[in-house]
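Some notes on the structure that comes next.
A note on names: the letters A, B, ... follow the listed sequences, proteins ahead of strands, and every chain is numbered from 1.
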Amino acid sequence: MCADTTDPTTPAAPEGTDYRDTLFLPETDFPMRAGLPKREPDWLARWEKLAVYTRLRESAGERPVFVLHDGPPYANGHLHIGHALNKILKDFVVRSAQMRGYDSRYVPGWDCHGLPIEWKIEEQYRKKGKSKDAVPVNELRAECRRFADEWIDVQRAEFKRLGVIGNWEDPYLTMAFDAEAVIAEEFHKFVMNGTVYQGSKPVMWSPMEKTALAEAEIEYHDRQIDTIWVKFPVRMAASNIATGGAPGSDLLDAAVVIWTTTPWTIPSNRGIAFGAEIAYGLYEVTEAPEGNWVTAGEKLVMADALAADILGRARLEPGSYKRVRQVGAEELAGLTCAHPLAAADGFWGYDVPVMAADFVTDDTGSGFVHCAPSHGEDDYELFRQKGLLDRITHNIGPAGEFLEHVPFFAGNFILDRKGREGTANKVVVEKLREIGALAATRRQTISDAHSWRSKAPVIRLNRPQWFVAIDKPLDDGMGAHGQTIRERALKSINELVAWYPKTGQNRLRSMIENRPDWVLSRQRAWGVPLACFCRTTPEGRVELLQDAAVNARIVEAFRTEGADAWFAEGARERFLAGVPDAGQWEMVTDILDVWFDSGSTHAFVLRDRADGPADAIADVYLEGTDQHRGWFHSSLLQGCGTRGRAPYKAVVTHGFTLDEKGQKMSKSLGTGVAPQDVIKQYGADILRLWVAQCDYTADMRIGPEILKGTADSYRRLRNTLRFLLGALAGFDEAERVEPAEMPELERWVLHRLAELDERVRKGYEGHDFQGVMQSLFTFATGDLSAFYFDIRKDALYCDAPDSLRRRACRTVLDLLFHRLVRWLAPVLVFTMEEVWLSRFDAAGEGEDSVHLHDFPETPAAWRDAALAARWERIRAARRVVNGALEGPRREKTIGASLEAAPTLYVADPETAAALQGIDMAELCITSGLSIAEHDVPAEAFRLEDERLGVVFHRAEGEKCARCWRVLPDVGRHARPGLCGRCDSVIGAGGR
RNA sequence: GGGUGUGUAGCUCAGGUGGUUAGAGCGUACGCCUGAUAAGCGUAAGGUCGGAGGUUCGAGUCCUCCCACACCCA
């Protein structure tokens with residue numbers, strides 16, 4: 001139909017006729033402002049009603065299974081931002097795996113046993129004036145259970161509010177009866193394979209309360225103490241390396257000087273440590289006052305840096321001693337000393353070896369550290385490494401008293417009844433002085449550990465503990481990856497597990513390479529007991545009962561009654577029934593370290609539950625970097641001991657959340673960010689977007705300014721989607737156009753989509769959420785909003801509905817919609833559901849959800865590298881035009897770009913070729929644009945590329961009242977004030 | 001004190017094996033539009049690449065030391 005033939009009786013339109021109604025403007029009810037805090041709960045309710053997680057499981061069919069195994073948070077308080085970060089990252093993994101085509105299962109869990117809860121309950125008792133010891137164990141345990149239960153409900157609601165999908169109806173709990181049964185059963189595996197043994201290890205011990213303390217129960221206060229320098233006579237020197245003296249060495253009549261802040265540990269001394277990097281010298285005293293502790297002729301070995309200080313404190317004048325010679329590390333390592341108290345009693349007649357250790361310094365003291373492996377962790381560790389743990393002493397009792405067998409000191413206490421300094425230090429110092437072993441003393445103030453409860457000082461005391469030997473070869477038929485737990489763990493780390501980021505591998509490896517045996521026992525109440533029996537053999541060895549029938553009976557009881565069965569009356573007789581010599585066996589009443597509980601989750605979750613993977617190995621464990629020492633570690637050791645390998649195939653780690661300045665969040669500075677507050681102010685999607693925009697492999701900052709920025713980004717993205725919805729209003733399948741028939745601009749968008757499809761899928765697969773978001777965000781703002789949408793508004797608003805250009809555009813918008821919305825759905829779970837429903841189920845009455853769909857297949861054939869390269873040049877030329885319009889605009893020559901019709905000079909043949917057949921006026925949103933393949937005139941506007949220039953011209957003609965383009969033919973058509981295109985669109989009954 | 005890691009524009013991040021005036025998005029400023037409108041478009045200003053040495057013709061990129069921050073351990 002020709003527009004010019006329309007009814008000539010059409011009344012002349014008055015000036016400024018409004019053709020607005022003839023346009024196809026965007027139509028959508030999708031609100032520009034999100035109102036997330038208010039609306040998110042509605043979508044949560046909808047998903048609950050639809051049972052999205054269950055539906056996905058039921059419709060999984062033959063999809064491959066993917067399992068992210070949840071590391072259980074501890075059930076004792078509201079969620080903090082770190083929990084939110086962790087669960088949101090997991091949600092990205094779970095949801096993107098589902099949408100990539102997996103049957104992606106996620107069972108959340110909770111860690112329920114352990115000290116913090118037990119402590120809370122004790123605190124409640126104390127407030128009521130009750131003593132914990134007066135309460136039956138199972139009563140205390142029941143209270144702990146109730147406490148955990150309450151917090152699990154709170155945390156579950158808080159996690160769900162974040163939009164995290166999973167089996168929230170049926171999570172796993174380490175305190176569930178079946179979990180407690182499996183934990184005990186797993187422990188029995190270690191009992192039966194012979195790796196569990198009793199040893200002892202120094203722990204923080206409060207003599208006042210006669211109990212071991214955890215790090216959390218310790219506080220540090222300043223305290224005045226008497227430090228002492230003590231002489232240890234050299235007993236033997238390795239003569240072949242002795243230098244500078246006669247055979248037999250000049251050190252044989254010297255003494256090594258040690259320094260200690262705890263004189264009461266001297267009777268428990270079993271060694272001396274020195275630093276291989278420290279300079280030592282042999283000093284000889286030439287002159288000393290009458291009755292001095294250090295006398296003329298004495299030879300002492302000490303660090304050069306400290307010698308003057310020590311000898312001064314020993315009341316020697318600067319000129320009254322001399323440095324005889326240097327003493328090297330090799331020589332020191334060959335020394336053996338006598339215990340200074342050996343001179344007083346044969347009890348101390350043993351050898352005291354001198355050993356190199358890396359914890360010795362020469363800042364203070366003497367450069368020699370006296371080692372009491374029962375009373376110091378460094379000391380213990382050194383003795384463990386040297387294989388000397390059989391030399392551990394047992395001289396101190398639980399109240400901090402010297403035991404009966406200790407000569408001279410028996411009965412003296414380290415602390416008195418009020419927690420103040422007792423007599424132990426005094427008598428030891430006095431004895432050392434009496435026998436001439438003391439070199440000097442100094443009173444000083446140090447910061448030292450005190451009990452949080454009694455405020456009294458704390459000591460280190462070795463207590464019997466149960467260990468798992470990690471270097472013992474196992475004859476368990478699971479040797480495919482090594483014979484010992486350590487071998488299997490290292491093999492797993494090196495070959496069986498993928499690490500995101502890579503650095504996690506080294507971190508865990510160096511920990512496993514260096515770690516000592518695994519201490520399992522805690523002297524506490526709220527946990528799974530080491531459900532086993534032990535006895536001491538006539539030779540003094542402690543052995544464990546290895547009886548499968550007894551174990552089975554215990555596990556069965558735990559399964560039906562919980563681990564409380566162990567602490568119930570008559571438990572011993574019940575479980576030992578039928579065992580010969582039952583009377584010899586004692587119950588072990590310690591409980592398992594909670595890391596053993598959580599290290600066993602793979603057994604009672606991945607292996608035992610119907611929703612676990614077939615091989616009972618998780619695809620991913622994802623936690624903070626602190627879990628290299630924690631859950632990754634304990635799960636690895638546990639798995640290697642019970643099934644021969646790590647229970648995971650990949651480990652993803654994230655950093656910590658810091659305040660806006662990159663420092664730890666602080667309550668007192670008010671820099672803390674609570675997830676509940678973010679949700680209240682902005683909504684969970686903003687928090688999720690923040691997570692997706694961070695580099696989670698490092699530490700992440702969060703605060704008001706950062707959240708505001710995130711909300712800004714969100715708004716930009718939201719509006720782009722809103723435009724998409726509006727432009728797609730009433731889209732009909734009949735409009736669809738094949739790519740081959742589309743204009744180049746549309747095919748360029750399809751090319752970008754094909755590129756992004758690969759980027760997004762690979763990004764999600766590699767857990768690179770930041771990369772995915774950055775690509776999508778730049779695409780949405782740079783390629784769509786500022787380029788494609790801006791250009792196509794004319795066609796969308798003004799073209800006839802059946803125009804190929806408009807149909808092609810709407811086809812592409814539909815393809816864009818499905819990809820953008822679904823690609824973003826794992827991150828912006830709420831908003832993408834809103835967008836989805838706004839298009840497909842505005843009333844929200846149906847059963848569809850974007851979360852029930854996969855990422856759409858994107859044809860590889862959409863890729864067109866040649867076309868993409870050409871459009872790079874086209875866009876570069878467009879940028880020059882944009883720049884050129886800025887001048888006239890500032891000078892008020894023009895306002896809108898449609899008032900311009902510039903000339904583009906192209907002196908670059910490749911760009912000229914690229915522009916062939918391209919309507920640059922359309923792309924630049926000008927009313928006209930002529931291209932001159934010509935040298936760029938001097939007056940032309942140009943950017944960096946000298947071969948492209950633009951000379952400005954105003955567009956000739958009138959402004960079309962409908963499409964606003966300024967064209968020469970406006971006014972020459974049937975309807976007044978219109979250009980040919982618009983006139984014909986209306987004539988065709990467009991609207 | 002030890003181990004591990006991080007440090008590029010106001011913010012969030014890019015910057016294979018060292019190579020021309022260090023990039024993107026957001027924010028900011030200014031201008032335009034008023035048919036995505038508590039929106040949209042354009043232009044611009046922002047960086048001693050934590051600091052100091054060194055290797056090299058040339059270093060954000062390699063080496064050494066230092067500083068700050070974090071996690072784990074002591």
For this session: Ignoring the backbone of A:K959, work out which of B:rG35, B:rA14, B:rU34 is nearest its side chain.
Result: B:rU34

Could you pull out the protein-nucleic contacts involving nucleotides 37-39 of chain B (nitrogen or oxygen on both sides, under 3.5 Å)?
| residue | atom | partner | partner atom | Å |
| --- | --- | --- | --- | --- |
| B:rU37 | OP1 | A:R722 | NH1 | 2.2 |
| B:rU37 | OP1 | A:R722 | NH2 | 3.4 |
| B:rA38 | N1 | A:R33 | NH1 | 2.9 |

Exercise. Does A:R688 make a cation-pi contact with A:F92 (under 6.0 Å, within 45 degrees of the axis)?
Worked result: no

For this session: Would you mind building the protein contact string for nucleotides 69-74 of chain B? One character per nucleotide, 5' to 3', B for base within reach (heavy atoms under 4.0 Å), S for sugar-phosphate only, - for untouched.
Result: SSBSSS

Exercise. When we call it a touch if two heavy atoms are under 4.0 Å apart, what does A:G895 touch: a base, just sugar-phosphate, or nothing?
Worked result: sugar-phosphate

For this session: Using a heavy-atom cut-off of under 4.0 Å over every strand shown, decide if A:W964 touches base, sugar-phosphate, or nothing.
Result: base

Exercise. So what does A:Q693 touch, heavy atoms closer than 4.0 Å: a base, only the sugar-phosphate, or nothing?
Worked result: sugar-phosphate

For this session: Could you tell me which residues satisfy salt bridge (Lys or Arg N to Asp or Glu O under 4.0 Å) with A:D945, sequence neighbours excluded, listed by chain and number?
Result: A:R947

Problem set entry | Contacts of A:E872 that satisfy side-chain contact (heavy atoms from CB on, under 4.5 Å) - sequence neighbours left out | none

Exercise. What is the nucleic acid contact for A:S785, judged by heavy atoms within less than 4.0 Å: base, sugar-phosphate only, or nothing?
Worked result: base

Exercise. Which residues satisfy the ring-ring contact (aromatic ring centres under 6.0 Å, His included) test with A:F274, sequence neighbours excluded?
Worked result: none

Exercise. Which string of ( ) [ ] | and . matches RNA chain B, if you list each base 5' to 3' and count Watson-Crick or G-U pairs only when both distances are under 3.5 Å?
Worked result: (((((((..((((.....[...)))).(((((.......))))).....(((((..]....)))))))))))).

